[in-house]
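Notes to accompany the following structure.
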Amino acid sequence: MMRLLNICVIAALVAAAVYVYRIKFESTRQAERVSKLRMEIRREHDMIAALRAEWSKLDTPARIQDLATRHLALKPLDPRQFDRLDRLPERPPDLVPPGTADPIGVLIAKPEVMDMATAIVSAPPAESVPVPRPKAKR
Amino acid sequence: MHAASEPAHPPAAEPSRRRLMRALLYGHGVDRAAKAKARLGLAIAMFALGYGVIATRLIMFAAAPESHLTRRAGADAVATARPDILDRNGDILATDVRMPSLFAEPYRIIDIDDAVEHLTAVMPDLEVAELRERLSSKRRFAWLKREITPQQRAAIHRLGLPGIGFMTENKRVYPNGVAGAHVIGHVDIDNQGIAGIEKWLDRSGLADLHMAGLATDRLQKPVELSIDLRVQHALRDELVKARVKYKAKASAGLVLDPRSGEVIAMVSVPDYDANNPREALDPTRINRLTTGVFEMGSTFKALTLGMALDSGKISLRDSFDARGPLQYGKFAIHDFHPQNRILTVPEVFTYSSNIGTARMALKLGVEHHKAFLRKMGQLDRLRTELPESAEPLVPRNWSELNTVTIAFGHGLSVAPLQAMMALGALMNGGYLIPPTFRKRSQQEAMAIATRVVKPETSEKMRYLMRLNVEKGTATKAEVGGYYVGGKTGTAEKVVAGRYSKTKVLTSFTAVLPADQPRYIVLIMLDEPQPIPETHGYATSGWNAVPVGGAVIARIAPLLGLEPRFDLPSSDNLILASLRESR
């Protein structure tokens with residue numbers, strides 16, 4: 001009886017030792033992995049910082065201005081070049097109802113459009129092309 | 001086992017020799033069994049203590065795992081980390097980059113010749129003789145090269161030389177170089193701030209963190225400045241061009257938000273590259289806007305006018321005698337654009353009449369003048385985040401003559417930023433707001449603002465500023481759509497104790513839009529020269545004003561100001577609203 005108990009205890013001891021060893025081994029491995037990941041994160045952070053620094057260096061207004069004057073025909077903005085969206089004029093009504101199969105055919109069929117076209121062709125070349133307004137519709 | 005009832009005295013049958021031995025070993029009258037028991041107890045306690053210590057140590061190790069790993073990571077960064085500095089839109093003005101540095105532990109190197117040969121193969125710019133000397137020294141540690149590239153690091157790592165290692169260091173970089181260098185400042189080799197906002201950062205607690213070794217984390221909260229990088233660049237670009245064009249000694253410019261006190265851009269040319277701080281030691285490269293004090297000239301007349309209108313004793317309808325020079329003792333005050341007639345108050349401003357403003361100040365008296373300037377913060381040192389600041393030069397005995405000259409901007413030297421703070425108060429409805437270089441909301445600004453003039457005075461001043469651009473000395477600054485108001489200033493510089501006629505400091509102060517001010521722009525040119533284009537003049541209207549116009553045309557779209565082209569003249573817009581409110 002006593003012997004059986006002893007054997008059982010020894011077996012349990014060995015099992016516990018093996019189990020503890022495995023836990024220990026696993027935890028060491030995990031700790032190593034954590035520190036490795038941490039190192040990688042740090043390296044990534046450093047890399048991001050370096051790239052951000054490089055980006056802002058390339059993005060410097062002085063450099064962009066230099067490149068723009070050398071390669072582009074753009075000029076600085078004039079105050080007259082922008083306006084508010086709500087001050088945009090109303091869109092003229094469509095000459096042709098949307099979804100027509102043959103829009104040009106419908107246009108030609110309208111007499112007032114043809115009159116306007118001949119007027120434009122026969123008129124002396126103007127500074128700006130007049131916008132066709134569907135006056136006759138009213 | 002012996003029973004406890006055993007007699008204390010041993011039986012007499014014991015031989016005398018043995019009794020002696022026992023007495024020597026155990027002493028007289030001691031029970032042997034009880035003693036053995038006590039000793040056993042002591043031994044158990046000792047062992048229990050020993051095992052207890054081991055167990056607690058084990059628990060301690062388990063509870064604080066890998067403490068050795070974290071310590072190694074912390075020791076890696078030699079130079080201390082600093083927070084990023086961003087502009088108001090989040091663009092980077094200063095950041096940290098980690099750079100590997102190469103070091104050697106000479107006592108661990110096995111073959112010096114081999115190491116030298118391999119290292120110079122990877123990095124040809126290493127000095128062979130110096131490298132050999134460093135490697136053969138007896139020291140335990142020697143830097144071989146600071147700041148190497150990651151490619152070089154990888155190549156050296158692959159050589160697998162014993163006793164050669166890398167250490168990463170934080171290096172401060174300023175991607176924009178010259179733009180904003182005077183504001184941002186710079187750091188020394190150990191990453192400690194020594195100028196500008198960098199120094200302010202150290203003063204406000206970062207240095208203590210560095211001392212405690214806690215500031216190694218790069219995830220510190222970035223510092224947001226009020227500077228707008230694009231405006232800063234545009235202003236600098238125009239000022240550099242202006243300095244060349246008018247052959248000026250220096251040029252400086254400032255963009256200030258009068259509603260929040262934020263400095264949007266501040267440029268003083270010549271400036272320096274923050275990545276090369278040695279340039280900053282050159283005294284001509286100082287920041288003229290905060291570190292220099294100047295007699296602001298006619299720009300100061302705006303303050304005199306503001307004082308006069310705010311006193312209630314002088315109104316826009318009053319007039320002042322400017323028919324001849326103002327005699328004061330042996331001094332005679334002349335006008336630069338003499339009209340030789342009686343001028344109304346708006347005319348005094350638009351013709352920039354020295355005589356008129358001097359008479360105004362005299363009418364109010366010396367004490368009133370002094371008190372007003374003190375209230376406007378012109379007599380005390382202005383302190384901002386920037387550690388560099390200058391004390392205004394105030395006359396020690398303030399006589400009536402001082403009041404006469406200070407009325408038109410001579411005899412009192414202030415930092416230009418200081419003067420702009422006062423002008424901001426005259427424009428924004430009467431609140432004096434200390435300028436700042438950090439982002440600040442209007443609410444925060446109003447919490448620290450003090451009311452210095454009445455709102456009507458501010459309205460009248462805006463009318464005068466606008467009038468001056470419509471038909472005064474600053475007509476060249478008119479930029480369509482932005483309703484610019486402005487005041488010119490040409491101050492003669494003191495050379496060898498006398499005012500020089502040829503060496504002048506011209507300035508132009510603009511407010512835009514004049515009916516609801518959003519920005520104040522200051523342009524200063526130090527000793528501009530007459531050029532053919534200016535017909536031999538070197539006054540403000542011919543150089544600082546056109547520069548101001550160019551700057552405004554360029555920065556207004558960047559600042560998101562909406563152009564308005566259908567605004568009536570200042571008489572009908574600002575003055576009319578003033579009459580209505582009465």
Side-chain angles (χ1 to χ4, degrees), chain A residues 16-17 19-70 74-89, chain B residues 62 65-66 68-70 72-73 76-77 81 84 86-87 90-100 150 168 170-179 216-219 228-234 236-237 240 275 479-482 550 552-558 560-565:
Chain A
Y19 182 63
V20 166
Y21 175 76
R22 282 186 52 175
I23 287 180
K24 174 75 189 153
F25 186 75
E26 186 66 14
S27 81
T28 314
R29 229 170 48 94
Q30 295 285 359
E32 262 169 26
R33 208 169 136 247
V34 164
S35 68
K36 204 169 159 187
L37 283 177
R38 238 179 231 164
M39 190 115 114
E40 259 168 49
I41 290 169
R42 230 186 63 221
R43 202 168 286 162
E44 290 293 312
H45 269 304
D46 294 350
M47 204 58 151
I48 290 167
L51 289 175
R52 261 162 52 98
E54 196 168 334
W55 182 9
S56 52
K57 189 152 194 162
L58 294 176
D59 203 24
T60 305
R63 182 174 170 272
I64 301 286
Q65 183 183 338
D66 195 36
L67 289 176
T69 47
R70 218 185 306 157
L74 298 177
K75 286 203 169 106
L77 256 171
D78 187 88
R80 286 176 198 282
Q81 284 173 314
F82 49 96
D83 210 338
R84 283 212 314 270
L85 207 61
D86 56 327
R87 300 219 317 201
L88 232 110
Chain B
E66 49 167 344
H68 58 294
L69 287 174
T70 45
R72 192 169 43 183
D76 214 9
D84 286 359
L86 308 177
D87 85 336
D91 286 331
I92 295 174
L93 297 177
T95 187
D96 274 353
V97 172
R98 284 207 181 208
M99 294 277 213
T168 45
N170 281 315
K171 181 173 159 49
R172 198 68 163 161
V173 290
Y174 303 93
N176 293 295
V178 286
T216 49
D217 198 334
R218 73 156 59 256
L219 302 173
D228 187 321
L229 179 59
R230 302 162 307 165
V231 178
Q232 176 82 16
H233 165 73
R236 180 174 185 274
D237 194 47
V240 168
N275 294 306
V479 181
Y482 293 117
I552 290 167
R554 212 169 144 183
I555 66 170
L558 290 177
L561 280 182
E562 181 194 329
R564 297 166 300 165
F565 287 100

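By convention in this document, chain letters (A, B, ...) are assigned in the order of the sequence lines, proteins followed by strands, and residues within each chain are numbered from 1. Please read these numbers as outputs of a predicted model, since none were measured by experiment. All values below come from the heavy atoms of this structure, side chains included, with hydrogens, waters and symmetry mates left out.
- For A:Q81, no part lies near chain B; criterion is any non-hydrogen pair under 4.5 Å.
- Interface remark: A:R63 contributes no atoms to any contact with chain B (heavy atom separation under 4.5 Å).
- Comparing B:L229, B:V178, B:N176, B:L561 by how many heavy-atom pairs each has under 4.5 Å with chain A, the most go to B:N176.
- Atom OH of residue A:Y19 and atom NZ of residue A:K24 lie 14.5 Å apart, to the nearest 0.5 angstrom.
- Looking at every heavy atom in both residues, B:D84 comes nearest to A:R52 through OD2-NH2, 3.3 Å.
- The greatest number of non-hydrogen atom pairs below 4.5 Å with chain A, out of B:G480, B:P563, B:A94, is found for B:P563.
- In this structure, A:W55 CH2 and B:T95 OG1 are separated by 13.5 Å, a value rounded to the nearest 0.5 Å.
- Between A:E54 and A:K57 there is no salt bridge, since none of the side-chain N atoms of the basic residue sits less than 4.0 Å from a carboxylate O of the acidic one.
- Per-residue counts of heavy-atom pairs under 4.5 Å with chain B were compared for A:A62, A:A50, A:S27; the largest is that of A:A62.
- Using a 4.0 Å cut-off between a side-chain N of Lys or Arg and a carboxylate O of Asp or Glu, B:K171 and B:D96 do not qualify as a salt bridge.
- The shortest non-hydrogen separation linking B:V173 to B:P175 is O-CD, 3.6 Å.
- For the set B:A234, B:P557, B:G481, the entry with the most heavy-atom pairs within less than 4.5 Å of chain A is B:P557.
- Proximity to chain A is limited to the side chain of B:F565, based on heavy atoms less than 4.5 angstrom apart.
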